[in-house]
Amino acid sequence: MRKTHPVNALKKLGIGLAFGAATIMSMPTSALACTQMYMGKNLTADGNTYYGRTEDIGTRYLKHYGIEPSYGPGHTYSTNESGFSYTSTKTTYRYSYVRDHPAEWDGRWDAYSEAGINEKGVSCSATLSTSYNDDAKAADPTTEHAHKANPEVKNTGIGEYSYAGVILGESATAREGVELIGSLIDEQGVCSNDQIVIADNTETWLFAALSGHQWIAMKLTDDVASVNPNISNLNFQVNLDDPENCLHSEGIKTMPEEKGFAKYFEDGQFDVAQTYGVSINNTGMGSWARYIQGRDYFMAPLTEGTDYEIVKDKDKNDVTLGAMVHEMQPLFFQPSKSDWNTFELIRAFGNRGEKVPGLNANTDGVSSIGSDRNAEANLFQIRKGYDPEVATIQWEMLSCAEFSVAIPLYSALMTEVSPYFSDQTVDYGHCSETDIVNNEEPENSINYVLMDINSLCFANRAQFATSVRTYLDALQNELIEQNKEVDTAMLAETTTEGRTALANKAGKAATENTYKKCKALLQEMRAYQKAENFDQPFTPSDLNTETNGLKVSITYAKDALATDPVTPDQPGTPEQPGTPEQPAKPEQPAKPEQPAAKPEKPSKSDTTTTVTTNKTNTKGGLPTTGDRFDGRMVAAFAIAGVAVISAGGYFLYRRNKE
């Protein structure tokens with residue numbers, strides 16, 4: 001297992017201190033945790049299927065959106081989280097990814113593709129960390145646990161580092177992706193317990209790695225919703241003998257029966273979740289708090305006292321630790337309405353339990369879905385039955401979901417990435433910046449801009465939270481509405497070449513418009529902090545306070561659909577409407593040592609795809625052609641700027657980002 005170095009763990013904690021000791025003091029014991037969501041098409045206003053996930057790992061954690069090109073036969077997928085390796089026998093597929101910076105993975109550039117769509121229209125969101133019980137561990141340990149118990153046993157299992165890359169690089173359909181990952185677990189095992197969602201234009205599958213060599217995948221139906229915050233034992237019933245709707249490892253039932261730990265429903269049906277998952281009492285209170293928040297948001301609420309209890313620490317002034325349910329809860333449920341729209345589903349990832357008494361993260365300090373430890377959030381909008389190239393839209397947020405904007409991307413078609421998405425060569429040092437008011441991020445980075453907006457909002461919630469969220473909501477709604485116009489043109493285009501050109505242009509236009517609005521907002525927030533006149537509420541100059549809309553609309557659709565040759569704006573600092581005069585920018589701190597050079601990749605075949613990215617965008621340069629936490633973290637507290645690690649220890653498992 002690759003762990004974050006203890007010094008780096010303290011460094012991350014120190015960053016949190018700079019943005020307010022009160023936040024750290026109230027951090028719950030399972031604060032770092034992802035949340036996976038699904039909404040079937042029968043429950044949405046537009047008849048589309050939606051799914052996605054937030055990734056939680058730590059405050060100010062940098063993510064990158066990019067395009068992985070196609071490679072010829074012989075391309076090898078490998079990892080530094082285990083000994084897993086797989087060599088392709090065919091030309092791989094081009095796909096989009098959301099990856100970490102190489103500085104987090106010992107200089108490797110291929111780590112953890114996480115969320116994307118390939119050129120065949122297969123999408124993937126990976127991973128949701130889960131766990132297994134002691135009986136399952138003893139009978140069929142993950143390759144990592146087996147290696148720890150006996151170093152002579154090799155840790156060969158596939159894990160989160162590789163899931164999305166292998167699925168998207170190799171699979172022409174979602175079912176192919178399920179079958180491929182299943183076969184690799186059969187052959188090499190798995191090094192961690194995880195859930196993944198894999199979809200195409202006809203099917204959406206939930207894949208779960210249950211133990212070292214046992215797995216299950218279920219085709220999701222159109223009439224259910226799901227919220228899962230790292231809970232391994234949410235109950236469900238499935239017919240293991242229905243290969244059209246359920247695929248699984250050969251020994252999923254016989255192995256636990258032979259070992260004596262199989263569990264069954266009252267009707268005698270095999271209970272997969274209870275057989276392999278941990279008990280209620282071994283599920284984190286923060287996870288249950290987020291489950292309750294999610295159920296409340298989707299109008300299928302649980303009742304305090306009847307369904308769950310709020311847990312407080314009596315020895316620490318009744319600090320809220322989270323919640324515990326009275327009985328196991330379902331993985332799938334029915335919301336009380338069936339017209340969920342794109343905006344509501346995007347904003348679900350920023351949910352902090354505001355309407356749940358006692359579990360409101362803003363007032364009760366409890367773990368929440370929308371956390372300052374979100375590193376990114378992805379939402380896939382799938383139009384079933386459409387051409388695979390255009391069926392799925394990727395809505396991508398590259399920072400904490402509460403104060404971010406999801407950018408629409410036709411990732412299956414894209415071969416070029418906006419220069420406003422800073423890439424994996426960008427200066428990583430700004431992640432450690434403690435004074436973001438005076439020290440600005442590297443230019444042309446929507447990644448860092450959203451990170452800094454979130455940091456200022458979380459540290460100064462009273463000053464910024466309401467008006468900034470109102471402004472970002474207005475921007476989000478305009479992106480959603482204008483994307484409908486872009487989508488009409490996309491669906492009218494009949495050739496792959498024409499669609500690709502439009503997808504590239506639209507992606508750049510959406511990102512540029514978002515960057516300029518958010519950068520202007522951030523500069524105004526900095527100016528407000530510098531002025532220190534907090535008697536006047538902060539109001540973005542571009543916010544129409546009467547309508548809660550933008551004063552100046554974005555030009556996303558116009559830019560994307562322009563027919564005349566247009567030279568796109570070069571990246572740079574935009575003019576700010578009504579921004580107060582800014583003082584001179586202070587000298588930037590020295591850059592940290594850059595990560596090792598990118599490993600040489602296998603040669604491409606003659607049929608590979610050329611991808612244009614922005615590989616020199618370290619300080620505003622123009623583009624050129626070209627852990628989860630393991631679920632057992634003990635709370636970390638800060639007093640007077642000094643990090644105090646609690647008795648259980650503060651462990652960040654980089655591989656286990658939840």
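The first residue in the sequence is number 1, and the count goes up from there. For the numbers below, each heavy atom of this structure counts, side chains included, while hydrogens, waters and symmetry mates do not.
When side chains are defined from C-beta on, His430 counts as touching Pro442, because their heavy atoms get closer than 4.5 Å. With contacts defined as side-chain heavy-atom distances shorter than 4.5 Å, the pair Gln394/Ser96 qualifies. Side-chain contact check for Thr35 versus Asn228: every heavy-atom pair is 4.5 Å or farther apart. Counting only heavy atoms from C-beta outward, the side chains of Phe349 and Leu379 approach each other to under 4.5 Å. Within the 4.5 Å cutoff, side-chain heavy atoms of Ile346 are placed close to those of Met397. With a 4.5 Å cut-off on side-chain heavy atoms, Ile453 and Val468 count as touching. Contact of the Gln529 side chain with the Asn460 side chain is registered, since non-hydrogen atoms from C-beta on lie closer than 4.5 Å.
Qualifying side-chain hydrogen bond (donor to acceptor under 3.5 Å, both in side chains) partners for Arg469, counting only residues two or more places apart in sequence or in other chains: Asp473. Partners of Lys551 according to the salt bridge (Lys or Arg N to Asp or Glu O under 4.0 Å) rule, which considers only residues two or more places apart in sequence or in another chain, do not exist here.
Annotation: the span from Leu456 atom CG to Ile436 atom CD1 amounts to 3.5 Å, rounded to 0.5 Å. A distance of 8.0 Å separates CG in Leu398 from OG in Ser404, rounded to the nearest 0.5 Å. Atom CG of Leu128 sits about 4.5 Å away from atom CG of Asn230, to the nearest 0.5 Å. A distance of 11.0 Å separates CZ in Arg352 from CD1 in Ile369, rounded to the nearest 0.5 Å. Taking OG of Ser418 as the reference point, atom OH of Tyr65 lies at 10.5 Å (rounded to 0.5 Å). To the nearest 0.5 Å, atoms OG1 (Thr342) and OH (Tyr50) are separated by 2.5 Å.
The distance between the ring centers of Tyr161 and Tyr112 does not fall below 6.0 angstrom. Tyr38 has its ring centre no less than 6.0 Å from the ring centre of Tyr51. A ring-centre distance under 6.0 Å is found for Phe464 and Tyr528. Annotation: Trp340 is in aromatic contact with Phe298 [ring centroid separation under 6.0 Å].
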Residues Leu479, Gln482; criterion side chain to side chain contact (heavy atoms under 4.5 Å, CB included); working and verdict: CA-CA 5 Å; Leu479 282 166; Gln482 293 195 24; over 6 Å; no
For side chain to side chain contact (heavy atoms under 4.5 Å, CB included), just list the numbers for Glu478 and Ser553, CA-CA rounded to whole Å, side-chain angles, deciding distance to a tenth of an Å, and then say yes or no. CA-CA 8 Å; Glu478 286 210 0; Ser553 291; 3.0 Å; yes
Determine, stepwise, if the pair Val405 / Lys517 fulfils side chain to side chain contact (heavy atoms under 4.5 Å, CB included). CA-CA 11 Å; Val405 179; Lys517 290 291 190 182; over 6 Å; no
Given the rule in the side chain to side chain contact (heavy atoms under 4.5 Å, CB included) test, do Trp395 and Asn483 qualify, once you have shown the distances and angles that lead to the verdict? CA-CA 11 Å; Trp395 295 88; Asn483 196 66; 4.1 Å; yes
Evaluate salt bridge (charged side-chain N to carboxylate O under 4.0 Å, His left out) for Glu114 paired with Arg99, printing each intermediate quantity in order. CA-CA 6 Å; Glu114 185 167 353; Arg99 287 181 181 158; over 6 Å; no
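Gly322 approaches Ala289 most closely through the heavy-atom pair CA-CB, 4.2 Å. Annotation for Asp427 and Tyr448: closest pair O-OH, 2.7 Å, computed over non-hydrogen atoms. In plain terms, the two heavy atoms of Thr59 and Arg373 that are nearest each other are N-CG, 3.9 Å.
Using a 4.0 Å cut-off between charged side-chain N and carboxylate O, Glu441 and Lys519 make a salt bridge. Ionic pairing of Arg526 and Asp452 is present here: one or more N-O contacts between side-chain nitrogen and carboxylate oxygen are shorter than 4.0 angstrom. Salt-bridge formation is detected for the pair Glu344/Lys337: a Lys NZ or Arg NE/NH1/NH2 atom is positioned less than 4.0 Å from an Asp or Glu carboxylate oxygen. For the pair Glu55 and Lys63, the salt-bridge criterion is met [side-chain N within less than 4.0 Å of a carboxylate O].
No side-chain N or O of Ser226 forms a donor-acceptor pair with one of Gln36 less than 3.5 Å apart.
Looking at Gln476, its side chain does come within 3.5 Å of a backbone N or O of Ala406 through a donor-acceptor pair. The main-chain N or O of Asn548 is never found under 3.5 Å from a side-chain atom of Thr470 such that the two would form a donor-acceptor pair. Between the Thr555 side chain and the Lys558 main chain, no donor and acceptor come within less than 3.5 Å of each other. Side-chain N or O atoms of Asp318 include none that pairs as donor or acceptor with a backbone N or O of Lys312 at under 3.5 Å. No donor-acceptor pair under 3.5 Å is formed between the side chain of Asn439 and the backbone N or O of Glu433. Proximity of a side-chain donor or acceptor of Arg60 to a complementary backbone N or O of Cys431 within less than 3.5 Å is detected. With hydrogens and angles ignored, the 3.5 Å screen pairs no side-chain donor or acceptor of Asn454 with any backbone N or O of Met451. Checked by atom type and distance alone, the side chain of Gln424 pairs as donor or acceptor with a backbone atom of Trp109 at under 3.5 Å. Between the side chain of His101 and the main chain of Val426, a donor-acceptor pair closer than 3.5 Å is present. Between the His64 side chain and the Ser422 main chain, a donor and an acceptor come within less than 3.5 Å of each other.
Other residues, nucleotides and ligands contribute only 12 or fewer heavy atoms inside 6.0 Å of the CG atom of Asn317.
Ring geometry, Tyr515 versus Tyr420: the interplanar angle falls from 30° to 60°, so the pair is classed tilted.
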